[in-house]
Amino acid sequence: MKRFGNNIKGYSGETMDIAAVLSECTAAARARGWTIEEIHLPTRILGFSRRPTHNPQPAGRIYLSTGIHGDEPAGPLAMRELLQVDQWPSGLDMWLCPCLNPAGFALNHRENAEGVDLNLDYLIPKAAQTVSHIAWLMRQPGFDLCLCLHEDWESHGFYLYEQNPDEQPSLAEAIIARVAEVCPVDRSEIIEGRPARNGIIRPDLDPRTRPQWPEAFFLIMHKTRLSYTLEAPSDFPLSTRVSALVTAVNTALATFLNRRTRQASLEPR
Ligand SMILES: [Zn+2]
């Protein structure tokens, strides 16, 4: 599979009707018993949660988010597919934000309507959307795993960032191996100015030293000890990028749960 070569100074591929996609996400979530909350009413940012285990100690608490950049349609489309297919591994409690920047999608640009890149706004939040999103996140319990779905219009294939400060067993290699079956992987040695290996970037940085925080930094500092930012390559067909993200999420959840179950069976009773 070759790159289109269409994206020259930014994303110029397919767009989508975000209002329609969100309505379909909401309809699927409602039909499957998710709790639906309005995180930021004026821009229609929604939070879904489902805790099917009714267990104070579920096998895992998982958070997924996407759509923080309004020129990355594959993320919300992947969320719609995941919600409609509804094949989540059992035993996991889930929290999900299907689109953190609907206003950006309406304008087909990265930032919100006021021109703020919301994914740089998580240290000292200025945008009302970020303030509301952080307040919502802080009302939820801690997460065992967070996945943030993105796209990169410059990349040669799928790649991911891993933040894993406690050196838990990594999910990265499993994700890359499965995604490689549906989408090219960017195997460059440098991606976005950072050293990479086989599509995996493990940033060696302390968020506390950084002046601007993406959502993933906020999550790792306040809500989780294991996070992946998944980057689909926007210079490939939209359907390929959606499958890459759906495959990455499904693989991450299945691998995570497998390891948890194995761990539990090894523990002394
Ligand atoms: Zn992005």
Side-chain angles (χ1 to χ4, degrees), residues 3 6-16 18 21-22 43 45 63-80 82 96-123 125 127 129-130 133-134 137 146-163 172 175 179 183 185-186 188 191-194 196 199-201 203 205 207 210 212-220 227-238 240-249 252:
R3 288 184 64 166
N6 287 341
N7 298 332
I8 307 300
K9 285 185 179 160
Y11 180 61
S12 61
E14 304 98 314
T15 56
M16 61 164 174
I18 190 62
V21 171
L22 280 178
T43 60
I45 297 173
Y63 168 77
L64 309 181
S65 76
T66 194
I68 200 166
H69 289 138
D71 56 355
E72 299 177 6
L77 292 173
M79 287 291 196
R80 180 181 68 181
L82 287 160
L96 190 157
C97 293
C99 185
L100 290 172
N101 182 15
F105 281 94
L107 299 161
N108 188 30
H109 72 193
R110 182 177 177 88
E111 299 83 8
N112 72 357
E114 289 73 42
V116 177
D117 183 337
L118 297 174
N119 206 32
L120 296 174
D121 196 36
Y122 280 79
L123 178 57
Q129 295 96 316
T130 321
H133 182 217
I134 287 177
L137 282 170
C146 292
L147 304 175
C148 301
L149 283 55
H150 284 256
E151 295 199 72
D152 181 344
W153 61 269
E154 291 172 298
S155 78
H156 305 297
F158 179 91
Y159 65 93
L160 59 81
Y161 295 89
E162 176 182 77
Q163 287 189 283
I175 296 172
V179 170
C183 176
V185 168
D186 190 338
S188 313
I191 301 176
E192 291 284 294
R194 297 218 163 78
I200 300 167
I201 304 174
L205 48 83
R210 311 295 290 190
Q212 289 178 314
W213 281 12
E215 181 194 11
F217 280 8
F218 177 84
L219 293 170
I220 211 77
S227 122
Y228 292 88
T229 299
L230 309 170
E231 298 275 359
S234 19
D235 209 18
F236 289 86
L238 185 53
T240 303
R241 291 133 57 191
V242 172
S243 318
L245 292 173
V246 168
T247 303
V249 169

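Computed from a predicted structure; not experimentally measured. Counting starts at 1 for both ligands and their atoms, in listed order.
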>> Which label fits H150 and H69: parallel for a plane angle under 30°, tilted from 30 to 60°, or perpendicular past 60°?
In response: perpendicular

> By atom name, which N, O or S atom of H150 is the nearest to the Zn ion (ligand 1)?
Replying inline: ND1

> How long is the gap from CD on E231 to CD on E192, to the nearest 0.5 Å?
Replying inline: 7.0 Å

> What pair of heavy atoms forms the shortest contact from E151 to A74, and how long is it?
Replying inline: OE2-N, 2.8 Å

> N/O/S of E151 less than 2.8 Å from the Zn ion (ligand 1)?
Replying inline: no

>> Please report, to 10°, the angle around the Zn ion (ligand 1) from atom ND1 (H69) across to atom OE2 (E72).
In response: 90°

> Rounded to the nearest 0.5 Å, what separation is found between the CG atom of L100 and the CG atom of D121?
Replying inline: 12.0 Å

